[in-house]
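First the structure, in the form of C-alpha coordinates, and then the observations on it.
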Amino acid sequence: MSEDAETAIVHGRVFQRTSLDEGVYFAPVAFDDREESRLTAQHDIVSRLFGDGLFCPRIPVGEPEAILECGYGGGDWAVQCADEFEDCEVTALDIFPMQVSDEPENLDLVVHNLNDPLRDPEIFKANHFDLIHSRFVFPGIKIRRWDTYIRDMRLLLRPGGWVQIMEYLPIIQSHNGRLTDQHAVRKWWQEYQSAMAGMDRDPRIGRRLKQLLLDNRYRDVDVDIVQLHIGDWSKNEAQASIGRDSVAMIGDLLESLGLWPFTSKLGWTAARFEELMQDVRAELQDVGLNLYIEL
(Lines give C-alpha, C1' and ligand atoms only; values in the text may rest on other atoms or scores of the structure.)
Protein backbone atom coordinates (compact mmCIF):
# COMPACT_ATOMS: atom_id res chain seq x y z
CA MET A 1 0.00 0.00 0.00
CA SER A 2 1.33 3.42 -0.95
CA GLU A 3 1.54 6.18 1.63
CA ASP A 4 -1.22 8.08 -0.20
CA ALA A 5 -3.61 5.16 0.29
CA GLU A 6 -3.08 4.82 4.04
CA THR A 7 -6.17 5.61 6.06
CA ALA A 8 -6.99 6.52 9.65
CA ILE A 9 -10.21 5.89 11.55
CA VAL A 10 -11.46 8.98 13.39
CA HIS A 11 -14.64 8.54 15.42
CA GLY A 12 -15.69 5.69 13.16
CA ARG A 13 -15.06 7.49 9.85
CA VAL A 14 -12.28 6.85 7.32
CA PHE A 15 -9.82 9.68 6.60
CA GLN A 16 -6.60 9.82 4.57
CA ARG A 17 -3.77 9.60 7.08
CA THR A 18 -1.31 11.84 5.22
CA SER A 19 -3.99 14.54 4.73
CA LEU A 20 -4.54 14.77 8.46
CA ASP A 21 -0.84 14.56 9.30
CA GLU A 22 0.07 17.29 6.79
CA GLY A 23 -3.05 19.43 7.21
CA VAL A 24 -4.37 19.05 3.68
CA TYR A 25 -7.89 17.58 3.67
CA PHE A 26 -10.12 17.28 6.72
CA ALA A 27 -13.16 15.27 5.60
CA PRO A 28 -13.68 11.52 5.18
CA VAL A 29 -12.51 10.09 1.85
CA ALA A 30 -14.69 8.13 -0.56
CA PHE A 31 -13.21 4.88 0.80
CA ASP A 32 -15.55 5.56 3.73
CA ASP A 33 -18.86 3.88 2.83
CA ARG A 34 -21.02 6.70 4.15
CA GLU A 35 -18.98 9.32 2.32
CA GLU A 36 -19.08 7.35 -0.91
CA SER A 37 -22.88 7.17 -0.68
CA ARG A 38 -23.08 10.90 0.08
CA LEU A 39 -20.89 11.78 -2.89
CA THR A 40 -23.05 9.67 -5.21
CA ALA A 41 -26.21 11.34 -3.90
CA GLN A 42 -24.59 14.75 -4.27
CA HIS A 43 -23.59 13.99 -7.87
CA ASP A 44 -27.15 12.94 -8.69
CA ILE A 45 -28.63 16.10 -7.18
CA VAL A 46 -26.20 18.44 -8.92
CA SER A 47 -26.81 16.66 -12.24
CA ARG A 48 -30.53 17.25 -11.82
CA LEU A 49 -29.88 20.93 -11.15
CA PHE A 50 -28.12 20.97 -14.55
CA GLY A 51 -31.07 19.28 -16.25
CA ASP A 52 -29.53 15.80 -15.91
CA GLY A 53 -26.28 17.03 -17.42
CA LEU A 54 -22.61 17.24 -16.48
CA PHE A 55 -22.17 20.87 -17.44
CA CYS A 56 -23.94 24.18 -17.20
CA PRO A 57 -26.25 24.29 -20.25
CA ARG A 58 -24.52 27.47 -21.46
CA ILE A 59 -21.17 25.70 -21.93
CA PRO A 60 -20.77 24.61 -25.56
CA VAL A 61 -19.09 21.27 -24.92
CA GLY A 62 -19.28 19.92 -28.50
CA GLU A 63 -16.83 17.08 -29.08
CA PRO A 64 -14.05 17.55 -26.51
CA GLU A 65 -10.70 15.83 -26.92
CA ALA A 66 -9.37 16.36 -23.38
CA ILE A 67 -11.11 17.10 -20.07
CA LEU A 68 -9.56 17.57 -16.62
CA GLU A 69 -11.38 17.11 -13.32
CA CYS A 70 -9.88 18.51 -10.14
CA GLY A 71 -10.99 16.56 -7.07
CA TYR A 72 -12.79 13.46 -8.32
CA GLY A 73 -13.85 12.07 -4.90
CA GLY A 74 -15.76 8.86 -5.58
CA GLY A 75 -15.36 9.22 -9.34
CA ASP A 76 -19.04 9.63 -10.27
CA TRP A 77 -18.58 12.73 -12.47
CA ALA A 78 -15.36 11.50 -14.08
CA VAL A 79 -16.78 8.08 -14.95
CA GLN A 80 -19.98 9.52 -16.40
CA CYS A 81 -17.98 12.05 -18.39
CA ALA A 82 -15.66 9.39 -19.81
CA ASP A 83 -18.64 7.19 -20.68
CA GLU A 84 -20.48 10.00 -22.47
CA PHE A 85 -17.40 11.16 -24.42
CA GLU A 86 -15.75 7.90 -25.41
CA ASP A 87 -13.27 9.59 -27.77
CA CYS A 88 -12.19 12.11 -25.14
CA GLU A 89 -9.19 11.75 -22.84
CA VAL A 90 -10.47 12.36 -19.28
CA THR A 91 -7.93 12.99 -16.52
CA ALA A 92 -9.17 13.16 -12.93
CA LEU A 93 -7.14 14.33 -9.93
CA ASP A 94 -7.59 13.64 -6.24
CA ILE A 95 -5.33 13.57 -3.21
CA PHE A 96 -6.67 10.12 -2.27
CA PRO A 97 -6.18 7.26 -4.76
CA MET A 98 -9.76 6.03 -4.77
CA GLN A 99 -10.29 3.27 -7.31
CA VAL A 100 -13.60 3.21 -9.16
CA SER A 101 -15.54 0.24 -10.47
CA ASP A 102 -15.99 -0.19 -14.22
CA GLU A 103 -13.33 2.43 -14.93
CA PRO A 104 -13.55 3.47 -18.61
CA GLU A 105 -10.43 3.01 -20.72
CA ASN A 106 -10.33 6.71 -21.57
CA LEU A 107 -10.23 7.74 -17.88
CA ASP A 108 -6.91 8.32 -16.09
CA LEU A 109 -7.04 8.71 -12.30
CA VAL A 110 -4.07 10.64 -10.90
CA VAL A 111 -3.03 11.33 -7.29
CA HIS A 112 -2.37 15.05 -6.87
CA ASN A 113 -2.57 17.60 -4.07
CA LEU A 114 -4.39 20.62 -5.53
CA ASN A 115 -2.32 22.90 -3.31
CA ASP A 116 0.64 21.96 -5.50
CA PRO A 117 1.05 23.62 -8.92
CA LEU A 118 -0.62 21.97 -11.89
CA ARG A 119 2.70 21.84 -13.70
CA ASP A 120 3.89 18.21 -13.99
CA PRO A 121 4.56 17.94 -17.76
CA GLU A 122 3.58 14.27 -17.81
CA ILE A 123 0.08 15.16 -16.60
CA PHE A 124 -0.53 18.81 -17.37
CA LYS A 125 -0.04 20.15 -20.87
CA ALA A 126 -0.42 23.83 -21.65
CA ASN A 127 -3.30 24.80 -23.96
CA HIS A 128 -4.53 21.21 -23.89
CA PHE A 129 -7.88 20.82 -22.14
CA ASP A 130 -11.24 21.67 -23.65
CA LEU A 131 -12.82 21.85 -20.21
CA ILE A 132 -11.62 21.80 -16.60
CA HIS A 133 -14.10 20.81 -13.91
CA SER A 134 -13.58 21.76 -10.25
CA ARG A 135 -16.33 21.03 -7.74
CA PHE A 136 -16.55 21.36 -3.95
CA VAL A 137 -12.81 21.45 -3.23
CA PHE A 138 -12.67 24.37 -0.76
CA PRO A 139 -12.01 22.12 2.30
CA GLY A 140 -8.74 21.02 0.71
CA ILE A 141 -7.34 24.24 -0.79
CA LYS A 142 -5.46 26.77 1.30
CA ILE A 143 -6.63 30.37 1.14
CA ARG A 144 -3.56 31.77 -0.63
CA ARG A 145 -3.54 28.91 -3.14
CA TRP A 146 -6.82 29.91 -4.77
CA ASP A 147 -5.35 32.67 -6.94
CA THR A 148 -2.60 30.45 -8.37
CA TYR A 149 -5.02 27.51 -8.65
CA ILE A 150 -7.27 29.61 -10.90
CA ARG A 151 -4.21 30.81 -12.84
CA ASP A 152 -2.87 27.26 -13.30
CA MET A 153 -6.16 26.12 -14.79
CA ARG A 154 -6.22 28.96 -17.30
CA LEU A 155 -2.78 28.02 -18.60
CA LEU A 156 -3.96 24.46 -19.21
CA LEU A 157 -6.99 25.46 -21.29
CA ARG A 158 -6.88 25.34 -25.04
CA PRO A 159 -7.99 28.57 -26.79
CA GLY A 160 -11.75 28.71 -26.40
CA GLY A 161 -11.75 26.18 -23.56
CA TRP A 162 -13.92 26.43 -20.46
CA VAL A 163 -13.59 26.11 -16.70
CA GLN A 164 -16.61 25.08 -14.63
CA ILE A 165 -16.22 25.67 -10.88
CA MET A 166 -18.82 24.97 -8.21
CA GLU A 167 -18.58 25.47 -4.45
CA TYR A 168 -21.01 25.36 -1.57
CA LEU A 169 -21.58 28.36 0.63
CA PRO A 170 -22.21 26.11 3.65
CA ILE A 171 -24.52 28.52 5.48
CA ILE A 172 -28.01 27.08 5.79
CA GLN A 173 -30.50 29.88 5.09
CA SER A 174 -34.27 30.30 5.32
CA HIS A 175 -36.65 31.70 2.72
CA ASN A 176 -39.15 32.79 5.37
CA GLY A 177 -36.59 34.23 7.79
CA ARG A 178 -37.45 31.88 10.65
CA LEU A 179 -33.86 30.90 11.39
CA THR A 180 -32.16 32.54 14.37
CA ASP A 181 -28.70 32.24 15.86
CA GLN A 182 -30.19 29.80 18.36
CA HIS A 183 -30.92 27.21 15.67
CA ALA A 184 -28.51 24.28 15.42
CA VAL A 185 -27.69 24.89 11.75
CA ARG A 186 -26.56 28.42 12.61
CA LYS A 187 -24.52 27.17 15.55
CA TRP A 188 -22.89 24.62 13.24
CA TRP A 189 -21.90 27.39 10.81
CA GLN A 190 -20.56 29.73 13.50
CA GLU A 191 -18.32 27.00 14.91
CA TYR A 192 -17.32 25.67 11.50
CA GLN A 193 -16.18 29.00 10.09
CA SER A 194 -14.17 29.60 13.26
CA ALA A 195 -12.42 26.25 12.82
CA MET A 196 -11.77 26.86 9.12
CA ALA A 197 -10.22 30.25 9.77
CA GLY A 198 -7.69 28.54 12.02
CA MET A 199 -7.04 25.87 9.38
CA ASP A 200 -6.26 28.28 6.50
CA ARG A 201 -9.46 27.52 4.58
CA ASP A 202 -12.15 29.84 3.22
CA PRO A 203 -15.64 28.29 3.17
CA ARG A 204 -16.94 31.50 1.55
CA ILE A 205 -14.63 31.16 -1.46
CA GLY A 206 -17.59 30.83 -3.82
CA ARG A 207 -18.32 34.52 -3.33
CA ARG A 208 -14.79 35.39 -4.51
CA LEU A 209 -14.58 33.17 -7.58
CA LYS A 210 -15.82 35.72 -10.12
CA GLN A 211 -13.21 38.30 -9.13
CA LEU A 212 -10.45 35.67 -9.06
CA LEU A 213 -11.36 34.60 -12.58
CA LEU A 214 -11.43 38.19 -13.83
CA ASP A 215 -8.13 38.98 -12.10
CA ASN A 216 -6.56 36.05 -13.95
CA ARG A 217 -7.81 37.25 -17.34
CA TYR A 218 -10.58 34.76 -17.98
CA ARG A 219 -13.15 35.90 -20.51
CA ASP A 220 -16.91 35.32 -20.67
CA VAL A 221 -17.05 34.89 -16.89
CA ASP A 222 -20.58 34.12 -15.72
CA VAL A 223 -21.65 33.27 -12.18
CA ASP A 224 -24.88 31.57 -11.17
CA ILE A 225 -25.98 31.32 -7.54
CA VAL A 226 -28.21 28.27 -7.26
CA GLN A 227 -30.42 27.74 -4.24
CA LEU A 228 -30.56 24.05 -3.39
CA HIS A 229 -33.78 23.60 -1.45
CA ILE A 230 -33.68 21.37 1.62
CA GLY A 231 -37.04 19.65 1.98
CA ASP A 232 -40.09 19.62 -0.29
CA TRP A 233 -41.46 23.03 0.68
CA SER A 234 -41.30 24.50 -2.83
CA LYS A 235 -44.48 24.78 -4.91
CA ASN A 236 -42.39 23.82 -7.94
CA GLU A 237 -42.53 20.02 -8.17
CA ALA A 238 -39.05 19.68 -9.68
CA GLN A 239 -37.52 21.76 -6.88
CA ALA A 240 -39.61 19.94 -4.28
CA SER A 241 -38.38 16.58 -5.58
CA ILE A 242 -34.75 17.67 -5.40
CA GLY A 243 -35.42 19.18 -1.98
CA ARG A 244 -36.76 15.89 -0.63
CA ASP A 245 -33.65 14.08 -1.78
CA SER A 246 -31.28 16.76 -0.48
CA VAL A 247 -32.29 16.54 3.20
CA ALA A 248 -30.21 13.48 4.08
CA MET A 249 -27.35 14.45 1.76
CA ILE A 250 -26.96 17.92 3.28
CA GLY A 251 -27.04 16.43 6.77
CA ASP A 252 -24.31 14.01 5.75
CA LEU A 253 -22.36 16.88 4.15
CA LEU A 254 -22.38 18.95 7.34
CA GLU A 255 -21.31 15.92 9.35
CA SER A 256 -18.47 15.08 6.96
CA LEU A 257 -17.23 18.67 6.83
CA GLY A 258 -17.47 19.21 10.57
CA LEU A 259 -16.38 16.01 12.31
CA TRP A 260 -12.60 16.48 12.28
CA PRO A 261 -12.53 20.32 12.63
CA PHE A 262 -14.96 20.27 15.58
CA THR A 263 -13.29 17.43 17.46
CA SER A 264 -9.62 18.02 16.61
CA LYS A 265 -9.47 21.80 16.09
CA LEU A 266 -12.16 23.05 18.45
CA GLY A 267 -11.75 20.29 21.05
CA TRP A 268 -15.33 19.03 21.03
CA THR A 269 -16.02 15.49 22.13
CA ALA A 270 -17.50 13.15 19.55
CA ALA A 271 -20.63 12.88 21.70
CA ARG A 272 -21.10 16.66 21.75
CA PHE A 273 -20.69 16.87 17.98
CA GLU A 274 -23.14 14.01 17.47
CA GLU A 275 -25.68 15.79 19.69
CA LEU A 276 -25.34 18.94 17.57
CA MET A 277 -25.73 16.91 14.38
CA GLN A 278 -28.92 15.29 15.71
CA ASP A 279 -30.37 18.76 16.23
CA VAL A 280 -29.11 19.85 12.78
CA ARG A 281 -30.73 16.88 11.06
CA ALA A 282 -34.02 17.52 12.88
CA GLU A 283 -34.04 21.12 11.63
CA LEU A 284 -33.20 20.06 8.07
CA GLN A 285 -36.36 17.93 8.13
CA ASP A 286 -38.55 20.85 9.28
CA VAL A 287 -40.25 21.99 6.06
CA GLY A 288 -41.71 24.95 7.92
CA LEU A 289 -38.26 26.56 8.02
CA ASN A 290 -38.04 26.72 4.18
CA LEU A 291 -34.32 25.95 4.23
CA TYR A 292 -31.83 26.14 1.40
CA ILE A 293 -28.10 26.20 0.77
CA GLU A 294 -26.35 28.17 -1.96
CA LEU A 295 -24.13 26.71 -4.66
Side-chain angles (χ1 to χ4, degrees), residues 19 23-28 38-39 42 45-46 49 56 70-71 73 95 113-115 132-154 163-175 177 179-216 218 221-230 246 249-266 268 273 276-277 280 283-284 289-295:
S19 277
V24 179
Y25 186 66
F26 311 102
R38 185 196 71 78
L39 290 169
Q42 174 180 268
I45 288 170
V46 172
L49 291 174
C56 172
C70 297
I95 193 168
N113 180 354
L114 295 179
N115 289 290
I132 299 176
H133 177 252
S134 174
R135 187 165 78 183
F136 308 140
V137 297
F138 85 80
I141 296 187
K142 298 177 182 179
I143 294 174
R144 292 183 181 179
R145 168 60 178 153
W146 275 99
D147 183 67
T148 56
Y149 177 59
I150 298 292
R151 187 181 311 157
D152 285 351
M153 289 193 288
R154 185 179 64 81
V163 167
Q164 176 175 279
I165 307 175
M166 180 179 288
E167 294 292 339
Y168 285 110
L169 179 62
I171 308 172
I172 305 299
Q173 302 182 66
S174 168
H175 258 288
L179 277 183
T180 71
D181 288 343
Q182 301 310 307
H183 278 90
V185 292
R186 285 282 176 82
K187 292 178 181 178
W188 182 95
W189 165 247
Q190 291 162 1
E191 298 291 339
Y192 182 71
Q193 68 172 338
S194 174
M196 288 292 100
M199 295 160 67
D200 196 21
R201 299 296 188 276
D202 182 7
R204 297 175 181 265
I205 189 62
R207 295 282 177 88
R208 295 177 48 215
L209 287 175
K210 181 176 182 178
Q211 192 58 52
L212 284 172
L213 290 162
L214 292 173
D215 289 346
N216 282 285
Y218 282 77
V221 176
D222 202 356
V223 176
D224 290 330
I225 299 177
V226 178
Q227 293 184 359
L228 172 59
H229 289 192
I230 304 170
S246 73
M249 189 278 288
I250 293 298
D252 291 342
L253 169 70
L254 299 186
E255 181 175 333
S256 289
L257 291 180
L259 178 59
W260 198 91
F262 276 67
T263 58
S264 295
K265 183 65 179 179
L266 300 180
W268 286 38
F273 179 71
L276 175 65
M277 285 307 307
V280 165
E283 290 176 3
L284 295 178
L289 291 174
N290 288 14
L291 302 180
Y292 67 94
I293 191 171
E294 289 183 355
L295 291 78

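In this text, all values refer to a predicted model and were calculated from it rather than measured experimentally.
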Could you walk me through whether Gln182 and Arg186 pass the side chain to side chain donor-acceptor pair (under 3.5 Å) check? CA-CA 7 Å; Gln182 301 310 307; Arg186 285 282 176 82; over 6 Å; no

Parallel, tilted or perpendicular: rings of Tyr192 and Trp188 (30°, 60°):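 It falls in the parallel class, under 30°.
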
Test side chain to side chain contact (heavy atoms under 4.5 Å, CB included) on Met199 and Met196 and set out the steps. CA-CA 5 Å; Met199 295 160 67; Met196 288 292 100; 3.6 Å; yes

For Tyr168, check ring pair (Phe, Tyr, Trp, His ring centres under 6.0 Å) against everything at least two apart and list the hits.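 If we apply the ring pair (Phe, Tyr, Trp, His ring centres under 6.0 Å) test to Tyr168, skipping adjacent residues, the hits are Phe136.
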
Contacts of type ring pair (Phe, Tyr, Trp, His ring centres under 6.0 Å), residue His133, not counting sequence neighbours: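 His133 satisfies ring pair (Phe, Tyr, Trp, His ring centres under 6.0 Å) with Trp77 once adjacent residues are dropped.
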
Should Asn115 and Val24 be marked as a side chain to side chain contact (heavy atoms under 4.5 Å, CB included) after you check the CA-CA gap, both sets of side-chain angles, and the distance that decides it? CA-CA 8 Å; Asn115 289 290; Val24 179; 4.0 Å; yes

To the nearest 0.5 Å, tell me how far [X] [atom1] sits from [Y] [atom2].
X	Y	atom1	atom2	answer
Ile143	Asp202	CD1	CG	5.5 Å
Ile250	Ile230	CD1	CD1	5.0 Å
His175	Leu289	NE2	CG	13.0 Å
Asp224	Leu49	CG	CG	11.0 Å
Gln227	Leu291	CD	CG	11.5 Å
Gln164	Cys56	CD	SG	6.5 Å

For the pair [X] and [Y], find out whether any cationic side-chain nitrogen is under 4.0 Å from an anionic carboxylate oxygen.
X	Y	value
Arg145	Asp152	yes
Lys142	Asp200	no
Arg207	Glu167	no

Side chain proximity check, [X] to [Y], heavy atoms < 4.5 angstrom:
X	Y	answer
Ile172	Trp189	no
Gln173	Ile293	no
Tyr218	Met153	yes
Val163	Arg154	no
Leu276	Trp268	yes
Cys70	Ile132	yes

May I have the step-by-step check of salt bridge (Lys or Arg N to Asp or Glu O under 4.0 Å) for Lys187 and Glu283, ending in yes or no? CA-CA 12 Å; Lys187 292 178 181 178; Glu283 290 176 3; over 6 Å; no

Please assess Ser246 against His229 for the test side chain to side chain contact (heavy atoms under 4.5 Å, CB included), listing each intermediate value before the final yes or no. CA-CA 7 Å; Ser246 73; His229 289 192; 5.7 Å; no

Check Phe138 against Pro170 and note the closest heavy-atom contact, atom names and distance.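 Shortest heavy-atom separation between Phe138 and Pro170 comes out as CZ-CG, 4.0 Å.
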
Heavy-atom pair of closest approach, residues Leu266 and Ser194: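 In this case the closest contact between Leu266 and Ser194 is CD2-OG, 4.4 Å.
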
Sort out for me which residue in Val223, Val137, Leu213 forms a side-chain contact (heavy atoms from CB on, under 4.5 Å) with Ile165.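 Result for side-chain contact (heavy atoms from CB on, under 4.5 Å) with Ile165: Leu213.
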
Side chains of residues 253-262: which donor-acceptor pairs under 3.5 Å do they make with residues two or more places apart or in other chains?
unit_1 : atom_1 : unit_2 : atom_2 : d
Glu255 : OE1    : Arg34  : NH2    : 3.1
Glu255 : OE1    : Arg281 : NH2    : 2.7
Glu255 : OE2    : Arg13  : NH1    : 3.4
Glu255 : OE2    : Arg34  : NH1    : 3.4
Glu255 : OE2    : Arg34  : NH2    : 2.7
Ser256 : OG     : Glu35  : OE1    : 2.6
Ser256 : OG     : Asp252 : O      : 3.2
Trp260 : NE1    : Ser264 : OG     : 3.3

Go through Tyr292 and Ser174 one step at a time and tell me if the side chain to side chain donor-acceptor pair (under 3.5 Å) criterion holds. CA-CA 6 Å; Tyr292 67 94; Ser174 168; over 6 Å; no

Would you sort out whether Arg201 and Phe26 count as a side chain to side chain contact (heavy atoms under 4.5 Å, CB included), showing the intermediate values? CA-CA 10 Å; Arg201 299 296 188 276; Phe26 311 102; 3.7 Å; yes

